[in-house]
Visitor: 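Sharing a structure with you now.
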There are 2 protein chains.
Amino acid sequence: MTEPAALSASALALQDPVYREAVVDLLGAIAYGEISAFERLAQDARMAPALADKAELAKMAGVELGHFERLCDHMRSLGADPIAAMEPFVVAFDAFHLRTASSDWLEGLVTAYVGDGLAADFYTEIAAFLDADTRTVIVESLRDSGHSVFVVDRVRGAIAEDHRVAGRLALWGRRLMGEALTQAQRVAADRDALTALLTGGVDRPGMDLAAIGRLFTRLTENHTQRMESLGLDA
Amino acid sequence: MTEPAALSASALALQDPVYREAVVDLLGAIAYGEISAFERLAQDARMAPALADKAELAKMAGVELGHFERLCDHMRSLGADPIAAMEPFVVAFDAFHLRTASSDWLEGLVTAYVGDGLAADFYTEIAAFLDADTRTVIVESLRDSGHSVFVVDRVRGAIAEDHRVAGRLALWGRRLMGEALTQAQRVAADRDALTALLTGGVDRPGMDLAAIGRLFTRLTENHTQRMESLGLDA
């Protein structure tokens with residue numbers, strides 16, 4: 001750390017304590033999101049109509065857990081305590097999951113697909129403003145492991161069997177979006193360092209209001225596409 | 001498979017369809033046990049008193065899931081369908097877990113430690129009668145990943161804080177043992193191929209009644225030791 005010649009651009013950027021704090025905050029948020037998603041998938045696996053479906057959901061849960069562990073390792077490599085970094089996000093994430101607890105198997109699948117997709121899009125947008133090493137860690141931790149195909153197949157199959165399912169799940173998708181925005185707002189209001197990553201600082205470019213507007217447009221468009229791929233109106 | 005010269009002793013043993021069926025049965029039972037343990041740990045993680053405890057339980061759940069996936073891969077390599085192999089055990093294992101659902105965090109920890117330990121002992125005893133390849137797969141899938149230290153530390157800590165906890169958890173441990181024996185009996189009565197692994201066949205050595213008696217003595221002794229290491233009377 002004390003030999004400037006050996007420092008990468010990422011290591012240099014992370015020497016700024018304000019930036020480093022914001023990065024740890026962001027990694028903490030993503031990590032708590034992953035462990036929450038893990039718990040939720042494991043919980044929803046209990047509602048699986050068949051053992052093969054249960055195994056598939058358990059596998060998805062395992063992928064989230066793997067991401068969680070890599071994020072924790074990375075936080076430790078930055079000298080941060082992962083538990084302390086996650087704590088500030090417990091209330092908002094738990095509130096989101098409590099308010100969107102699946103009442104059946106299909107709702108759980110839609111949440112896994114639509115909720116994780118939304119989170120991944122959002123963090124990927126933020127990652128664009130970060131140093132290369134942090135960006136790589138984040139993007140890899142959001143990688144979908146091909147389970148989308150499984151969810152799309154199961155949801156479309158259920159709609160083909162009973163068309164009324166589509167209306168119910170479309171409402172569910174809208175509710176997920178609404179709850180996610182509510183909690184994101186709450187986190188943004190609480191965590192100055194984190195929002196500064198988006199809005200920038202004295203010596204760091206960020207987004208102005210128009211750019212944040214375009215970001216939300218992109219998030220909404222991707223959400224609509226995911227709903228459509230499930231056969232649902234957004 | 002058709003070149004005898006290249007066949008290992010394990011491959012030869014697995015050419016016997018009765019033996020192979022029994023092995024797949026056993027692997028199915030262990031695999032369903034692992035995915036059930038995964039679900040249970042993930043469920044119990046929700047009751048964790050602190051985020052660090054939750055992360056620890058999630059990690060234990062991840063280890064079970066990894067074992068589950070390796071067992072499924074191995075069953076597929078034997079030409080068996082893992083889902084079909086697990087199906088016969090769903091009712092008994094689900095009944096066990098339903099009847100021993102943890103009502104709090106400490107009960108969950110005791111179940112993870114005592115229940116998994118008991119299952120591991122039992123399957124290791126059976127594995128001694130199997131071909132070398134199958135034995136290796138089973139023993140590796142039962143390997144404890146150092147989380148015992150965590151459970152012992154937390155349970156002993158809770159007893160140190162409030163001595164009454166010990167009485168309640170001792171009862172819980174006895175109930176686990178009772179329920180496990182009930183369900184094991186049920187499985188044994190149902191699955192002839194599986195029990196034949198223990199009792200042997202025309203050309204395969206097995207256990208006589210006295211040996212089965214000694215097996216139960218060993219299982220009980222190990223159970224008592226585990227309870228004692230938690231600071232509990234068996």
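These values consider heavy atoms only, across backbone and side chains, with no hydrogens, waters or symmetry-generated copies.
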Visitor: Which of residues 170-184 of chain B have a heavy atom under 4.5 Å from any heavy atom of chain A?
Guide: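 Residues in range: none.
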
Visitor: If you round to the nearest 0.5 Å, how far is CE of B:Met47 from NZ of B:Lys54?
Guide: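 Here the rounded value is 10.5 Å.
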
Visitor: How many angstroms lie between CD1 in A:Ile138 and CG in A:Leu71, if you round to the nearest 0.5 Å?
Guide: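 One finds 8.0 Å between CD1 of A:Ile138 and CG of A:Leu71.
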
Visitor: So which of A:Ala52, A:Ala45, A:Ala58, A:Cys72 has the largest heavy-atom pair count under 4.5 angstrom toward chain B?
Guide: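 Among A:Ala52, A:Ala45, A:Ala58, A:Cys72, the one with the most close pairs to chain B is A:Ala58.
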
Visitor: Can you tell which of B:Ala55, B:Gly62, B:Ala50 has the highest number of heavy-atom pairs within less than 4.5 Å of chain A?
Guide: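 Heavy-atom pair counts peak at B:Ala55.
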
Visitor: Per the salt bridge (Lys or Arg N to Asp or Glu O under 4.0 Å) rule, what does the pair list look like for residues 127-141 of chain A, sequence neighbours excluded?
Guide: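 Passing the test, one end in residues 127-141 of chain A: no pairs.
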
Visitor: So do A:Leu230 and A:Ile159 actually touch side chain to side chain, heavy atoms under 4.5 Å?
Guide: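 Not in contact.
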
Visitor: Kindly determine whether A:Arg70 and A:Val137 satisfy side-chain contact (heavy atoms from CB on, under 4.5 Å), including the steps that lead there.
Guide: CA-CA 8 Å; A:Arg70 274 191 295 283; A:Val137 168; over 6 Å; no

Visitor: Would you compute the distance between atom CG of B:Leu142 and atom CG of B:Asp116 and round it to the nearest 0.5 angstrom?
Guide: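 CG of B:Asp116 is found 9.5 Å from CG of B:Leu142.
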
Visitor: Could you check whether any side-chain heavy atom of B:Tyr113 comes within less than 4.5 Å of a side-chain heavy atom of B:Val155, counting everything from C-beta outward?
Guide: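 Contact flag for B:Tyr113/B:Val155 side chains = no.
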
Visitor: Which residues, numbered in order, of residues 27-44 of chain A come under 4.5 angstrom of chain B by heavy-atom distance?
Guide: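 A:Tyr32, A:Ile35, A:Phe38, A:Glu39, A:Ala42, A:Gln43, listed by number.
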
Visitor: What part of A:Leu65 gets within 4.5 angstrom of chain B, counting heavy atoms only: side chain, backbone, both, or neither?
Guide: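 Side chain of A:Leu65 only, per the 4.5 Å heavy-atom cut-off to chain B.
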
Visitor: Would the distance check show the side chain of B:Arg156 and the main-chain N or O of B:Ser229 forming a donor-acceptor pair, the cut-off being under 3.5 Å?
Guide: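 Side chain of B:Arg156 to backbone of B:Ser229, a donor-acceptor pair under 3.5 Å: yes, one is there.
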
Visitor: Looking at side-chain heavy atoms only, is the closest gap between B:Lys59 and B:Phe150 below 4.5 Å?
Guide: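 Sidechains of B:Phe150 and B:Lys59: no contact.
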
Visitor: Applying a criterion of heavy atom separation less than 4.5 Å, what residues of residues 74-103 of chain A form contacts with chain B?
Guide: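 So far as heavy atoms go, A:Ile83, A:Met86, A:Glu87, A:Val90 are the residues that approach chain B to under 4.5 Å.
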
Visitor: Between A:Leu109 and A:Arg154, what is the shortest heavy-atom contact and its length?
Guide: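 Taking every non-hydrogen atom into account, CD1-CB, 3.6 Å.
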
Visitor: As an exercise, state the distance from OG1 of A:Thr195 to CG of A:Asp190, rounded to the nearest 0.5 Å.
Guide: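 Separation between the atoms: 10.0 Å.
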
Visitor: Is any side-chain heavy atom of A:His223 closer than 4.5 Å to one of A:Asp121?
Guide: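 Side chain of A:Asp121 against side chain of A:His223, heavy atoms only: no contact under 4.5 Å found.
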
Visitor: Is the shortest side-chain heavy-atom distance between B:Leu26 and B:Thr134 below 4.5 Å?
Guide: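 They are not in side-chain contact.
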
Visitor: Out of A:Leu232, A:Val110, A:Asp104, A:Asp162, which residue meets the side chain to side chain contact (heavy atoms under 4.5 Å, CB included) rule with A:Arg168?
Guide: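 So, applying the side chain to side chain contact (heavy atoms under 4.5 Å, CB included) to A:Arg168 and each of A:Leu232, A:Val110, A:Asp104, A:Asp162, only A:Asp104 qualifies.
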
